[in-house]
Protein chains: 2
Amino acid sequence: MQQSGHLILIIEDEQPIRRFLRASLTSEGYRLNEAASGDEGLRVAASYPPDLVILDLGLPDIDGQEVLRRLREWLTAPIIVLTARDQEQQKITALDAGADDYVTKPFAIGELLARMRTAIRHAQHVASETPTVRIGDLRFDLTARLVFKREEIVHFTPLEYKLLATMLKNSGKVLTHHFLLREVWGPEDSQETHYLRVFVASLRRKLEDDPARPRYVLTEPGVGYRFAAE
Amino acid sequence: MQQSGHLILIIEDEQPIRRFLRASLTSEGYRLNEAASGDEGLRVAASYPPDLVILDLGLPDIDGQEVLRRLREWLTAPIIVLTARDQEQQKITALDAGADDYVTKPFAIGELLARMRTAIRHAQHVASETPTVRIGDLRFDLTARLVFKREEIVHFTPLEYKLLATMLKNSGKVLTHHFLLREVWGPEDSQETHYLRVFVASLRRKLEDDPARPRYVLTEPGVGYRFAAE
DNA sequence: GACAGGCATAAAGATTTCGTAAAGACGGTC
DNA sequence: GACCGTCTTTACGAAATCTTTATGCCTGTC
């Protein structure tokens, strides 16, 4: 009655449950879309992107888990799955595949509504900011471990990324060869400065416009390297 | 009730514990963010960088240790991990991976609060500890090994910097040739006073407005040099 | 005013460090 | 077992730094 009119997609094959949810959610002020099968759910989600999905894992056509995976390929809205009480393993797999929360059938409508509110609130928060660090024309998404240059994704090997992350975490400071080697390669190889030289070279090849005249990965001759502060 | 309103992130899958922590911490005046899974924790941490993280190592989705590692790739705030009593090895691994402290479940809230206070106090201490020294229009950032003149970065070679740092550490005092040579070049070359002349010249060229009429690096004829006190 | 000693500065070797490409070794995958 | 991506190792030209040498300046003394 008071709600913001968020669009909820219900993917549920049992008609009684759908009817029950329809009554409860519309009276809370949500807008609704309903799908009676996984296939239909995917189509509807694509046509009318929902703010939240309620997905029953026990669907007749394709596996509920499969629907979940296919949704998560592009949908960032929260997904709450409904599971039968005796399907413990299912909900773990579902959370793994990107579900945000679960409710066990039979459920109290109050609990479901509460979880919906939390999920939507969270989604809005998380969506409001892309948690990224920007330096020049570079953008770092720390949680996803992605690096963009002029909004184009740049690929790094594990060690390259570790070195870059270490420099970024201490950006602005001069970092000695010894420190970087110890952080990235471990205490054993802290003398092998030639490792650094070849990896710094690859970082530059990928990050800099002119690797010979670096803007980000700067060398401090005789001491180490420094990542440009901003 | 008295607190500074530090933002705490709780990553904990068990709802009862979350509820318990929520009650205790908000009544202490902390602000809270909660995440019920590691994945969510990482997202929330990135969106709302916390002042402290409480991380349960026994999470359902990704391994708690993995969450810890991924957080530490970029987050500098203190992390306190919660471990089960019989998981001795876990907490050692966690501390190794960058956790700041641990609390064993079941825990007394008083102990947790005390450890939180310590961790936050320590973190602030370290953060505020940017030991920059200002002398005239110069600024020395010792941890970053950077020197600025009128907020413009000035580059020094290893020996130049070592000499400058030695003079700065003893600024105001008259330092003999012998002393400076021994500190910078070692006991072997403590007679080679011409080294000093050459390097003092480069320091002046980089630091002084008029190298012929130095303001910072002063000559004490027949004795040595002195770095201006302030 | 000539001279000596200490100092400042520039510039030419000598030495070390750095950047880069490319080859070899390694590990996982199909 | 061949392939791919990654890491390690090697080699060499380029760059930066350190050492050495040379020259000139300033000050004070005789």
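Residue numbers begin at 1 in each chain, while the letters A, B, ... track the order of the sequences. We use all heavy atoms of the structure for the numbers below, so side chains are in, but hydrogens, waters and symmetry mates are not. Computed from a predicted structure; not experimentally measured.
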If the threshold is 4.0 Å, N to carboxylate O, is there a salt bridge linking B:K149 and B:E152? no

Would one find a side-chain N or O of B:T219 under 4.0 angstrom from OP1 or OP2 of C:dA8? yes

Tightest non-hydrogen contact, residues B:K105 and B:E14, listed as NZ-OE2, 3.3 Å

To the nearest angstrom, how far is A:R213 atom CZ from D:dA14 atom P? 16 Å

Before accepting this row, confirm whether a basic side-chain N of the pair B:R69/B:E66 lies closer than 4.0 Å to the acidic partner's carboxylate O. yes

Is it true that a side-chain atom of B:R72 and a backbone atom of B:L75 form a donor plus acceptor pair closer than 3.5 Å? yes

Tell me whether the side-chain N/O atoms of A:H177 come closer than 4.0 Å to OP1 or OP2 in C:dC18. yes

Under a 4.0 Å threshold between the charged nitrogen and the carboxylate oxygen, would A:R145 count as salt-bridged to A:E160? no

Do you know which of A:I11, A:L57, A:I54 makes side-chain contact (heavy atoms from CB on, under 4.5 Å) with A:L82? A:I54

Taking only N and O in the side chain of A:R205, is any of them less than 4.0 Å away from OP1 or OP2 of C:dT20? no

To the nearest Å, how far apart are A:L203 CG and C:dC18 P? 16 Å

Nearest whole angstrom, please: distance from the P of C:dT17 to the OH of A:Y225. 13 Å

Does a salt bridge link A:D39 with A:R70, judged by any charged N lying under 4.0 Å from a carboxylate O? no

Identify each atom pair where a protein N or O and an N or O of nucleotides 5-10 of chain D are less than 3.5 Å apart, giving names and distance.
unit_1, atom_1, unit_2, atom_2, d
D:dT6, OP1, A:H155, NE2, 3.0
D:dC7, OP1, A:L159, N, 3.0
D:dC7, OP2, A:T157, OG1, 2.5
D:dT8, OP2, A:W185, NE1, 2.9
D:dT9, OP2, A:Y195, OH, 2.4

Might you list the N or O atoms of the protein lying below 3.5 Å from N or O atoms in nucleotides 24-30 of chain C, with each pair's distance?
none

Taking only Lys NZ, Arg NE, NH1 and NH2, and the carboxylate oxygens of Asp or Glu, determine whether A:E220 and A:R226 approach each other closer than 4.0 Å. yes

Pair A:R182, A:T176: side-chain N/O donor-acceptor within cut-off below 3.5 Å: no

Write down the distance between CG (B:L196) and C1' (C:dT9), rounded to a whole number of angstrom. 15 Å

Report yes if at least one side-chain N or O of A:R197 is closer than 4.0 Å to OP1 or OP2 of C:dG19; otherwise report no. no

